[in-house]
J.: 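Structure below; questions to follow.
Small disclaimer: the values here were computed from a predicted structure and weren't measured.
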There are 2 protein chains.
Amino acid sequence: MTTVSNVVNGRLELMSEATRERVAAAIRELNYRPNAGARNLRLSQRGAVGLIVVDESPRFLADPMTSNILAGISNYLSGNGYGLLVTGIRRAAVADLHLLRRDQTDGLCIMASGTQQERRALYRQFKDTGQPIVIFQDEAPDFMTDTLSIRQDDHKAGELLAERLIQRGARRLALLVPAQSWPAMAERQAGALAAATRHGAKLDTVTCGSEEIADTQLAIARYVERSGLPDALLGGNDQMGCAALTWAQDRNFAVPGDVRVTGCNGFAFIDYVRPRLTSIASPAYEMGKQGGAMLLQRLSEGRFKQREMLFDVTLVPGGSD
Amino acid sequence: MTTVSNVVNGRLELMSEATRERVAAAIRELNYRPNAGARNLRLSQRGAVGLIVVDESPRFLADPMTSNILAGISNYLSGNGYGLLVTGIRRAAVADLHLLRRDQTDGLCIMASGTQQERRALYRQFKDTGQPIVIFQDEAPDFMTDTLSIRQDDHKAGELLAERLIQRGARRLALLVPAQSWPAMAERQAGALAAATRHGAKLDTVTCGSEEIADTQLAIARYVERSGLPDALLGGNDQMGCAALTWAQDRNFAVPGDVRVTGCNGFAFIDYVRPRLTSIASPAYEMGKQGGAMLLQRLSEGRFKQREMLFDVTLVPGGSD
DNA sequence: CTGAAAGCGCTTACAG
DNA sequence: CTGAAAGCGCTTACAG
C-alpha cells in the first residue's frame with residue numbers, strides 16, 4: 001500500500017522505474033481511481049472550496065459578472081486539484097445551507113447582495129464556519145478577520161465614464177441605479193459624482209425600480225418628463241445602459257446626437273447593439289482566477305498575504321457617447 | 001455518539017424531546033459541523049456530482065445556455081444535500097481531469113463539444129469511470145449504457161422559425177451556422193430544412209467561421225454579395241441572430257422590411273436590440289433542474305427511468321421578422 | 001438511551 | 001521496497 005500511495009501521489013523518487021511501471025500497469029488494469037474523500041479525511045482537509053452566490057433569483061448566473069468570476073475561480077482550482085462546490089441561494093435560506101451546516105470545504109468564496117446590514121449578517125454566518133473567506137465586489141467588514149476582499153475599481157469606472165461624457169460636452173448627466181443598490185454600484189455613483197463636481201457638471205441620480213429593462217425605461221421616462229432630456233444617460237451597468245439606448249431609440253432620439261449613453265462592465269452583448277455601447281471592461285474572470293489563487297495560497301501558508309485586491313478597469317469606447 | 005449521529009441525521013423518533021434538545025444545545029455551543037467527507041466515506045458515497053463542460057475557451061460559461069443549465073442543476077442538487085463540482089476543460093486536457101482520475105463524485109453531467117467522433121471519444125472516457133452520466137444537448141451513443149440524454153427539441157425550433165418566416169412571405173431563407181457545428185445546431189438546421197421543403201421554400205446554409213459577431217457578419221456579407229439579399233436571415237442562435245440584425249442595420253437595410261431576422265434560445269439580451277429579436281425560448285434552466293433530479297433518482301433507485309428527455313420549445317415573437 | 005467496536009479507503013511512521 | 005499498524009470522523013449493529 002505504501003508504494004501504491006507513493007506512485008499515486010507522485011513520490012516517484014522513492015522507487016525504481018520498474019516498480020513504478022508495475023504499479024502503473026496494475027492501476028490501468030484495475031481501472032483504479034483513488035478515493036479522494038478517504039485521502040482528504042486522512043489529511044484533515046476537504047479538497048474543495050465553496051462558492052456561495054446569495055441572490056433572490058434562481059437564475060443566479062444570469063449576470064455575466066457572476067459567471068465570469070465563477071469561470072475564473074473554477075479554472076484555477078480545477079488546475080490545482082481542488083474542487084469548487086457552487087451554490088446559489090436566497091438570503092432567507094442561507095442559515096440552512098449545506099455548505100455552512102456541514103464541514104465540507106476548506107474555504108469559501110462569497111458574492112453577497114442586499115443592504116449593508118443584510119450583507120453584514122451574511123458575513124457573520126460565513127465567518128462562524130471558521131473558514132478563510134474571499135469576498136467579491138464588496139469590502140470586508142472589520143469583524144471579518146481571515147478574509148480577502150476582491151473588487152474592481154468601480155469608483156474609477158464611474159469617473160472614467162463621467163469625465164469622458166463631460167469632455168464631449170455633456171453638462172447634465174443622469175445616472176441610472178437600481179433601488180436595491182449594491183456596493184459596486186454605489187462606488188460607480190460616487191466616482192461619477194466626484195468627476196462631475198470636479199468639472200462643474202451636474203449629476204442627477206435616477207433610481208429605477210430594478211435593473212430590469214422595463215423598470216429602467218419607466219424610470220427614465222419619468223425623469224425626462226420631470227427634468228427634460230439630459231445630455232447623457234449613464235447606465236449603472238450594461239443592462240441599464242442598453243435599456244437607455246433602446247428607450248432613446250423607441251422615442252426617436254438620436255444616440256449620441258440627442259443624448260449620450262454609456263454602460264458598465266462591457267460584457268459580450270454590448271457589441272450587439274447599435275451604436276455600440278461605450279462601457280467599462282470588467283476584469284471579472286481575472287478576479288475569479290486571482291481569488292482562487294489567493295485562497296489556495298492562504299490554505300497552504302496559513303494567512304492571506306493581503307486584505308484587499310483592487311483590479312483596474314479601462315474604458316471601452318463604443319459609438320453611443 | 002450514536003445519539004448525536006441520530007440527531008444530526010434527523011432520526012428524532014429514537015429519543016426523547018429532552019435528549020434531542022440537550023444534543024442540539026451542545027451542537028450550538030460547540031459550533032459543531034459534522035464532517036461530510038467522513039460520513040460519505042462510511043456510507044460509500046461521494047455526496048457530489050460533477051459537471052464537466054468541454055470547451056476550448058476558459059470562459060466556458062459565456063453561453064447563457066450553459067450557465068442556465070448549470071444554475072438548474074446546482075439549485076436542484078443543493079436543495080437535496082448534494083454538492084456540484086464544476087469544471088470547464090479543453091478537450092485535450094480531459095484525460096488528466098481530476099474528476100476522472102480520482103473517485104470523488106457519484107455521477108457526472110456532461111456538456112461536450114466538437115465533432116461526433118471527438119464527442120464519442122469523450123463519452124468513452126467518462127463511461128470508464130463507471131458512473132451514471134447525464135448528457136446535455138446531445139444524443140447518447142449506443143455504447144453509453146448507464147446514461148440519460150437531455151435535449152431541447154431543436155428540430156422543432158428550426159421548424160417553428162422557418163414556418164413563421166414562410167407564412168410571413170419569405171421564400172428564400174438563409175440559415176447561419178458556425179463551421180464547427182454541434183448536434184443542437186444540426187437539428188435546428190434539419191428542422192428548418194424540413195419546413196422549407198414542405199412549403200416549397202428555399203433554404204440556403206451560410207457557414208460562418210465561428211459564431212462570433214465578426215465571423216458571422218463576414219459570412220453574411222459574402223453570401224449576399226454572391227446570392228443577393230435573402231428574404232430572411234436565421235441565426236443559428238441569438239448571438240448570430242443579433243449579428244445579422246446589426247449587419248443589416250449597418251448597411252441600412254430595414255428589418256424586417258428588407259430582410260427578416262430570427263435567433264434561437266431567447267436569452268436576456270434579445271430584449272435589448274431593436275427591433276426585438278424573434279427567437280425560441282429555451283428551457284435550459286428546467287433541463288438542468290430535471291437533469292439533477294433524474295441523476296439523484298438514478299443514484300437512489302439503481303437505474304435511469306428513461307434513456308432520453310426531450311424538452312419542448314416555443315417561439316417568442318419579437319419585431320424582427 | 002449509552003457505550004464499545006468495526007469498518008469505510010486512504011496516509012504515513014516504522015520495522016524488516 | 002513491503003507489510004503491519006494507527007488514525008482521520010463518521011455510521012450502525014449490538015449489548016447493556
Side-chain angles (χ1 to χ4, degrees), chain A residues 1-50 80-83 85 98-107 129-131 299-300, chain B residues 1-50 80-83 85 98-107 129-131 299-300:
Chain A
M1 294 198 62
T2 306
T3 301
V4 172
S5 178
N6 285 334
V7 171
V8 164
N9 293 295
R11 289 183 281 269
L12 305 179
E13 69 286 3
L14 296 178
M15 71 209 77
S16 70
E17 167 65 20
T19 303
R20 199 198 68 68
E21 182 44 47
R22 248 174 79 221
V23 174
I27 287 176
R28 279 195 299 275
E29 188 179 345
L30 300 170
N31 194 20
Y32 170 67
R33 300 186 311 134
N35 183 304
R39 177 171 201 271
N40 288 327
L41 178 60
R42 180 55 235 254
L43 298 179
S44 296
Q45 61 185 25
R46 317 289 166 278
V49 164
N80 287 275
Y82 264 78
L85 290 163
H98 230 72
L99 286 179
L100 297 188
R101 312 276 295 208
R102 330 291 293 212
D103 183 9
Q104 65 181 323
T105 52
D106 294 307
T129 65
Q131 296 171 75
L299 291 174
S300 63
Chain B
M1 294 199 61
T2 307
T3 302
V4 172
S5 178
N6 285 334
V7 171
V8 163
N9 293 293
R11 289 183 281 268
L12 304 179
E13 71 287 1
L14 296 178
M15 70 208 77
S16 71
E17 168 64 20
T19 304
R20 199 198 68 67
E21 183 45 47
R22 248 175 78 219
V23 173
I27 288 175
R28 279 194 299 274
E29 187 179 345
L30 300 169
N31 193 19
Y32 169 68
R33 301 187 311 133
N35 183 304
R39 177 171 202 271
N40 287 327
L41 178 60
R42 180 57 236 254
L43 298 178
S44 297
Q45 61 184 24
R46 318 289 166 279
V49 164
N80 288 275
Y82 265 78
L85 290 163
H98 230 73
L99 285 179
L100 297 187
R101 311 279 293 211
R102 331 291 292 212
D103 183 7
Q104 64 181 326
T105 52
D106 294 308
T129 66
Q131 295 172 75
L299 291 174
S300 64

J.: Name all residues meeting the side-chain contact (heavy atoms from CB on, under 4.5 Å) criterion together with A:N80; count only those two or more places apart in sequence or in a different chain, and write none if there are none.
T.: A:Y76, A:L296

J.: Report the distance from atom CZ of A:R102 to atom C1' of D:dC10, rounded to the nearest whole Å.
T.: 10 Å

J.: I'd like to know if A:E13 and A:R20 make a salt bridge, using a cut-off of under 4.0 Å between side-chain N and carboxylate O.
T.: no

J.: Within this structure, what is the CG-OG1 distance for the pair A:L100 and A:T105, rounded to the nearest 0.5 Å?
T.: 8.5 Å

J.: Taking all heavy atoms of B:P34 and all of A:R101, pick out the closest pair and write down the distance.
T.: CD-O, 3.4 Å

J.: Show me the dot-bracket string of DNA chain C, counting Watson-Crick or G-U pairs under 3.5 Å, with | for pairs to another strand and [ ] for crossing ones.
T.: |||.||||||||.|||

J.: Return the value, rounded to whole Å, for the distance between atom CD of B:Q104 and atom P of C:dG9.
T.: 16 Å

J.: Between B:R11 and D:dT11, is there a contact of a side-chain N or O with OP1 or OP2 at under 4.0 Å?
T.: no

J.: I need the residues from residues 24-36 of chain B with at least one non-hydrogen atom less than 4.0 Å from DNA chain C; give them sorted by number, or say none.
T.: none

J.: Does anything in residues 37-45 of chain A come within less than 4.0 Å of DNA chain C? Heavy atoms only, and list the residues if so.
T.: A:A38, A:R39, A:R42, A:L43

J.: Which heavy-atom pair separates A:G50 from A:L99 by the least distance, and what is that distance?
T.: CA-CD1, 4.1 Å

J.: For nucleotides 2-4 of chain D, list the nitrogen or oxygen atoms of the protein found under 3.5 Å from its nitrogen or oxygen atoms, one pair per line.
T.:
residue : atom : partner : partner atom : Å
D:dT2   : OP2  : A:T3    : OG1          : 3.1
D:dG3   : O6   : A:T2    : OG1          : 3.1
D:dA4   : N6   : A:T2    : OG1          : 3.3

J.: Looking at every heavy atom in both B:L85 and A:G83, which two are closest together, and how far apart are they?
T.: CD2-CA, 3.6 Å

J.: A:R28 vs A:E21, test: salt bridge (charged side-chain N to carboxylate O under 4.0 Å, His left out). Steps then yes/no.
T.: CA-CA 10 Å; A:R28 279 195 299 275; A:E21 182 44 47; 2.9 Å; yes

J.: Give A:D103 one of three labels, base, sugar-phosphate or nothing, depending on what nucleic acid heavy atoms sit under 4.0 Å from its own.
T.: nothing

J.: So, for B:R46 and B:Q104, which heavy atoms are closest and what is the spacing to 0.1 Å?
T.: CB-O, 3.4 Å

J.: Of all the heavy-atom pairs spanning B:R33 and A:R102, show the shortest one and how long it is.
T.: NH1-O, 3.0 Å

J.: Walk me through it: do B:R39 and B:N9 pass the test side chain to side chain contact (heavy atoms under 4.5 Å, CB included)?
T.: CA-CA 11 Å; B:R39 177 171 202 271; B:N9 293 293; 3.0 Å; yes

J.: I'd like to check the side-chain hydrogen bond (donor to acceptor under 3.5 Å, both in side chains) partners of A:T2; sequence neighbours left out, ordered by chain and number.
T.: none

J.: Decide yes or no on side-chain hydrogen bond (donor to acceptor under 3.5 Å, both in side chains) for A:Q45 and A:D106, but give the supporting numbers first.
T.: CA-CA 7 Å; A:Q45 61 185 25; A:D106 294 307; over 6 Å; no

J.: Phosphate oxygens OP1/OP2 of C:dC10: is one of them under 4.0 Å from a side-chain N or O of A:S5?
T.: no

J.: Can you list the steps and then say if B:M1 with B:V4 is a side chain to side chain contact (heavy atoms under 4.5 Å, CB included)?
T.: CA-CA 5 Å; B:M1 294 199 61; B:V4 172; 5.8 Å; no

